[in-house]
Amino acid sequence: MNWEKLAKIILNEVGGSINVENVTHCATRLRLTLYDDSKISNGVKKIENSDGVLGVVNQGGQLQIVVGNDVPLLYDQFVKLYKQNDSNTGKKELEKKKSKKGIKSVLDIISGIFLPVIPAMAGSGMLKALLTVISIFGWISKTSQTYIILNFVSDTVFYFLPVLLAHSAAIKLKTNPYVSMVIGAMLINPTFVQMVQAAIKNGSEIRLFGLPVTKGTYSSSVVPILLAIWVMSYVEPIVNKIVPKVMRLIFTPLFVLLIMTPLTFVIIAPMGAWLGDGLAEIITWINGYAGWAIPLIVGALSPLLVMTGMHYALISVAINNLAKVGWENIVGPGMLVSNVAQGGAALAVATKTKDKKLKALGISTGISAVLGITEPALYGINLRYRKPLISAMIGGGLGGLFLGILNVRRFQQVPPGLLSLPSFIGNDLNNLWFAIIGLIIAFVSSYFIQLFLNIPDDLKPKVDKKSNLSTINIKAPLSGEIESLQDVNDIVFAQGMMGRGTAIFPSDGKIYAPFDAEIKAFNSDTKHAIGLVSKEGVELLIHCGLNTVKLKGIGYKAHIKQGQKVKQGDLLLEMDVTSIKSQGFDPITMVLLTNYKNFSSVKVIAKDKINYLGDLLQIEV
């Protein structure tokens, strides 16, 4: 896979580096925050059709390009190109024009803050779960120094969560990340913790500039630091306007700390703690009256939540609940069964289909989904063919209902999937066994429902009914001498970048329709290339000459227009071979299958000379 080529296509289609505000990636998606979304309206289709791309989603304030587990390779190439072409010229104007409102803005901020922190939480959560497993089986003593050290290491990410979130929030909100980390660290500074403990013990007060400081603890907290950095993102620009440029290095951080310290300790942190505690209490209350409903809803709707980016809002609530009470059932149980259900649906497609490429895609993406990475299955199989998505949602809902009724909880923040099962181990193993049963219910139900539903006929891979349902023969659109693509004096065609097929040196210059088709691409000004699509889904490009776009239509006579439907044998175009050669251009014509990746193979069956409508290419479905 040529990741550099794909990165160039993406950067070009989104409007270049000047239109990219931020770039990051998750487990399967390259995520771009753009200044102007309108610049990509025509480019999404080209990105979607590029080699290596499973899908493109423009949701939650981000353009998300799904490529699977190799996304770090694409990210590295994209960042390299982005930095090479990055320029601040014009970006300030785009920043002024950009105005994201409502839920898109909120989701963009939430995902941007929590996404960088999740890997640290996942690693720590799996370490905690591993310690739980080996201690249950008696492989390590809880009093051993090894256990004690590994245990506090696994707890570190939660204890210092305000610092980690301060940094990611500052990056997202475009304020100083290191001053932000100081604000996060001061909330858990040992001296402050000791002051709070002493004040509580003695019944005394803590005051800052004469203002009362709430006697609270903020380790493992989420909301207080997010509110603090959000306020700081407004305070810092105001300070920068007042402080002269030559003095900002020293005095901006000084004044920001002098302003933010009392604001944080006296107002923001207590308010955030109250909101966080209130959120945890609301979740506890819901669980007391309708706890079964949350995993059911999340299990059924997770694919839609992931598509819109709204799952990050739920993840933030779940992290807050984990920090406050040590467990959550908001995301973990529901997304566990949903992910496995998506894998079951994709694997059912692989079981039923006779198409080799679809079978391979179903197996690979299905296994990935069962392990917790669902985007390849979601965009590559389930969403594309619709019925697998319905099967996955039903299976996820049934598994979620079971987990909800039995009040299954998750105790660590790890990506939900088969490998995350240790995160469901609580004080005993019952919670784990129930999670496993729910997982089986989700997988089995989605798998067999999809076997019953099957893929809609109109979405199955197209085949030629006249060729034993296995091959499609493509006729020659012109008469002439056959030449290998490798011998064409143009590296783009010679290396097959535009498609698979052959070249023909024309004898009379008349181009005919090789099959019944619709003219999907034709420039009436240059007339040098024709794109056709057959009812079987064959996309054929007839490119008449090398670099002949420069002729601007001179030497060509068109008998078609874009969007026109033609019958096999209709005259499409006439080119004056003698005139084209006299102007220094090569009239050699390429006949290329551009969507060759949808088929098993493309063979050139003609040799030496051929007459128009003679057998030229054979495509194996």
Side-chain angles (χ1 to χ4, degrees), residues 118 121-142 147 150-151 153-155 157-158 280 283-284 286-288 291-300 302 311 314-315 317-319 321-344 367-374 392 395-447:
I118 287 176
M121 300 187 73
S124 300
M126 288 302 292
L127 177 58
K128 188 79 168 182
L130 177 64
L131 283 174
T132 303
V133 172
I134 62 178
S135 64
I136 286 176
F137 286 100
W139 297 339
I140 190 172
S141 170
K142 290 186 176 181
Y147 179 90
L150 292 178
N151 190 50
V153 168
S154 67
D155 289 334
V157 66
F158 268 109
I283 298 300
T284 302
I286 293 173
N287 278 306
W292 56 270
I294 299 176
L296 165 62
I297 294 170
V298 174
S302 271
H311 64 303
L314 289 181
I315 288 173
V317 176
I319 290 174
N321 220 63
L322 278 169
K324 290 296 179 184
V325 298
W327 58 266
E328 66 88 14
N329 69 340
I330 306 155
V331 172
M335 291 197 75
L336 170 71
V337 292
S338 175
N339 291 355
V340 171
Q342 286 208 61
I367 293 173
S368 177
V370 169
L371 295 177
I373 305 299
T374 60
L398 291 174
L401 178 61
F402 175 82
L403 298 185
I405 291 173
L406 293 174
N407 197 27
V408 173
R409 300 171 174 180
R410 182 175 65 162
F411 299 93
Q412 305 295 332
Q413 171 61 37
V414 294
L418 189 63
L419 298 179
S420 72
L421 282 173
S423 67
F424 288 84
I425 298 175
N427 296 326
D428 56 51
L429 293 178
N430 287 338
N431 194 77
L432 173 64
W433 295 128
F434 293 150
I436 293 173
I437 295 172
L439 182 151
I440 293 171
I441 290 172
F443 181 87
V444 172
S445 57
S446 66
Y447 181 85

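Computed over heavy atoms, backbone and side chain alike; hydrogens, waters and symmetry mates excluded. Residue numbers count from 1 along this sequence.
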Measure the shortest side-chain to side-chain distance between Leu131 and Ile134 over non-hydrogen atoms and say whether it is less than 4.5 angstrom.
yes
Check Pro416 against Gly332 and note the closest heavy-atom contact, atom names and distance.
CB-O, 4.1 Å
Could you check whether any side-chain N or O of Asn339 sits under 3.5 Å from a backbone N or O of Gly417, counting only pairs where one atom can act as donor and the other as acceptor?
no
Least distance between heavy atoms, Pro333 atom then Val408 atom:
CG-O, 3.5 Å
Which residues share a side chain to side chain contact (heavy atoms under 4.5 Å, CB included) with Leu401, sequence neighbours left out
Trp292, Leu296, Ile405
Enter the distance from Ile294:CD1 to Asn329:CG here, rounded to the nearest 0.5 Å.
5.0 Å
Taking all heavy atoms of Leu403 and all of Gly438, pick out the closest pair and write down the distance.
CD2-CA, 3.9 Å
Locate the shortest heavy-atom distance separating Met335 from Ser302; write the atom from each residue and the value.
CG-OG, 3.4 Å
Test side chain to side chain contact (heavy atoms under 4.5 Å, CB included) applied to Asp155 - qualifying residues, sequence neighbours left out:
Lys128, Asn151
Partners of Ser135 by side chain to side chain donor-acceptor pair (under 3.5 Å), sequence neighbours excluded?
none
Sorted by chain and residue number, the side chain to side chain contact (heavy atoms under 4.5 Å, CB included) partners of Ile436 (sequence neighbours excluded) come out as Leu421, Leu432, Trp433, Ile440
Would you list the pairs meeting salt bridge (Lys or Arg N to Asp or Glu O under 4.0 Å) in which at least one residue belongs to residues 326-343, sequence neighbours left out?
Glu328-Arg410
Gly344 to Ser446 - nearest heavy-atom pair and separation
CA-OG, 3.7 Å
State, to 0.1 Å, how close Ser445 and Gly395 come at their nearest heavy-atom pair, and which atoms those are.
OG-CA, 3.3 Å
For residues Phe411 and Asn431, determine if any side-chain heavy atom of one lies less than 4.5 Å from a side-chain heavy atom of the other.
yes
With rounding to the nearest 0.5 Å, note down the distance linking CG in Leu371 to OG in Ser420.
10.0 Å
Quick one: pull up CG in Leu150 and CG in Leu130 and give me the separation to the nearest 0.5 Å.
8.5 Å
Close side-chain approach of Phe402 to Pro295, heavy-atom, < 4.5 Å:
no
Only counting residues at least two apart or in another chain, list the ones meeting side chain to side chain contact (heavy atoms under 4.5 Å, CB included) with Val340.
Leu439, Phe443
